[in-house]
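Side-chain atoms are counted along with the backbone in the values below, which use heavy atoms only and exclude waters and symmetry mates. The structure presented is a predicted model; accordingly, all values stated were derived computationally and were not measured.
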Amino acid sequence: MVSTSPPLADALAAGPVVLDGGLSNELEAAGHDLSDALWSARLLAEEPAAVVRAHQAYYEAGAQVAITASYQATFEGFARRGVGREEAAALLARSVELAREAAGRARAGGVAGPLYVAASAGPYGAMLADGSEYRGRYGLSVAELERFHRPRLEALAAAGPDVLALETVPDSDEARALVRAVRGLGVPAYLSYSVAGGRTRAGQPLEAAFGTAADADEIIAVGVNCCAPDDADEAVRLAARVTGKPVVVYPNSGESWDAEARAWRGSPAFGADRVTGWAADGARLIGGCCRVGPESIAELAALLGR
């Protein structure tokens, strides 16, 4: 099913658009084990109906954009599980189809207004499933990273999403590769870094990192995700100033992941009321990432009048 909504770039020009929250926490809340190396992408084959329900919960909460379950879905990752390229491409396409199905169900249930699908493409480190997605600096050249990303982006673009979500990018070198990899695909994209302390996770200054996408026509929004809410505040202002593009922002709840104990620690710092400040500073695509669920998205949507 192809979207009949106005282009997302037009919606962003008109005002803030609400992104969804963390897909994984919604799936885990429903009882699904995501400890697999494929993470939520495993459910594309095994329990696609669960993915539809999770997307639908966010649409019904007020999200206008659902991010697909393809963050950790790669040809290489599927190959390690014995999945061939043809089947892997079909699963990547299915991630878009499931989000479209959820949008259709939400509309049938009375949700009004345009509903969009963002096809997630996580960083190279997400395929490794060893935490390097939060470090970057993989030892690969920009050209090598472009060769890794391009086939998956081609498969996702062929499925007809409204936008490609180049998300949780830890490294400006990988961002350059991704910006090159989306050229000519015919689908717009947004670029979103994972940041800490005013720098990329790889330690590069954010001003230069955001500048990577400033002149790329394919990139319709630039910003940050999967970071602490406090780190998002200044990043939104900087992304708007450096790029002149709409800003995308969807931080985590503010809790931290204890990898050894496999548990979340600390208290949430994501308050839906922060979004008014982000919107005032240029954010136009606003939502939440890890540990931000439908209730928070509903509060966020109400604040934005969506």
Side-chain angles (χ1 to χ4, degrees), residues 1-8 11 17-27 30 32 34 36 38-61 63-79 81 83-122 126-127 149-167 181-182 185-190 220 285 287 294 297:
M1 182 190 304
V2 177
S3 174
T4 57
S5 300
L8 181 57
V17 173
V18 180
L19 268 171
D20 61 6
L23 180 62
S24 62
N25 48 257
E26 184 63 11
L27 290 166
H32 300 285
L34 302 184
D36 188 276
L38 288 175
W39 204 32
S40 57
R42 177 178 60 82
L43 301 185
L44 293 173
E46 296 180 8
E47 297 188 69
V51 178
V52 174
R53 287 193 295 271
H55 287 317
Q56 187 177 346
Y58 280 114
Y59 281 132
E60 291 174 346
Q64 297 163 275
V65 183
I67 302 173
T68 63
S70 52
Y71 173 81
Q72 216 143 312
T74 63
F75 288 105
E76 293 80 358
F78 281 130
R81 299 290 294 273
V83 177
R85 289 190 73 84
E86 185 175 345
E87 185 180 355
L91 289 172
L92 285 163
R94 181 179 293 177
S95 72
V96 175
E97 293 160 4
L98 296 177
R100 289 272 183 239
E101 181 179 342
R105 292 187 180 189
R107 289 192 191 96
V111 174
L115 298 178
Y116 299 94
V117 172
S120 173
M127 179 272 294
H149 283 294
R150 178 75 183 199
R152 175 174 55 154
L153 290 167
E154 288 175 339
L156 289 170
D162 297 289
V163 66
L164 295 165
L166 314 177
E167 59 175 351
V182 298
L185 293 181
V187 178
Y190 72 72
I220 62 172
L285 195 52
I297 295 303

Do the side chain of [X] and the main chain of [Y] share a donor and acceptor less than 3.5 angstrom apart?
{"X": "Y71", "Y": "E167", "value": "no"}
{"X": "R152", "Y": "T74", "value": "no"}
{"X": "Y59", "Y": "D20", "value": "no"}
{"X": "R100", "Y": "G160", "value": "yes"}
{"X": "R107", "Y": "A102", "value": "no"}
{"X": "T68", "Y": "S120", "value": "yes"}

Qualifying residues under side-chain contact (heavy atoms from CB on, under 4.5 Å), relative to [X], sequence neighbours excluded:
{"X": "A189", "value": "L164, L166, V182, I219"}
{"X": "A57", "value": "E26, P294"}
{"X": "A45", "value": "L91"}
{"X": "P151", "value": "F75, R85"}

- Task: Quick one: closest heavy-atom pair of A103 and L115, and the distance?
- Result: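 Closest approach of A103 to L115, heavy atoms only: O-CD1, 3.7 Å.
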
Under the side-chain hydrogen bond (donor to acceptor under 3.5 Å, both in side chains) test, which residues partner [X], sequence neighbours left out?
{"X": "E87", "answer": "none"}
{"X": "Y190", "answer": "Y250"}
{"X": "Q64", "answer": "none"}

Hey, could you give me the [atom1]/[atom2] distance between [X] and [Y], rounded to the nearest 0.5 Å?
{"X": "L43", "Y": "R94", "atom1": "CG", "atom2": "CZ", "answer": "11.5 Å"}
{"X": "R105", "Y": "H55", "atom1": "CZ", "atom2": "NE2", "answer": "12.0 Å"}
{"X": "L23", "Y": "S95", "atom1": "CG", "atom2": "OG", "answer": "10.5 Å"}

- Query: What pairs with R150 under salt bridge (charged side-chain N to carboxylate O under 4.0 Å, His left out), at least two apart in sequence or on another chain?
  - Reply: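 Here the qualifying residues are E154.
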
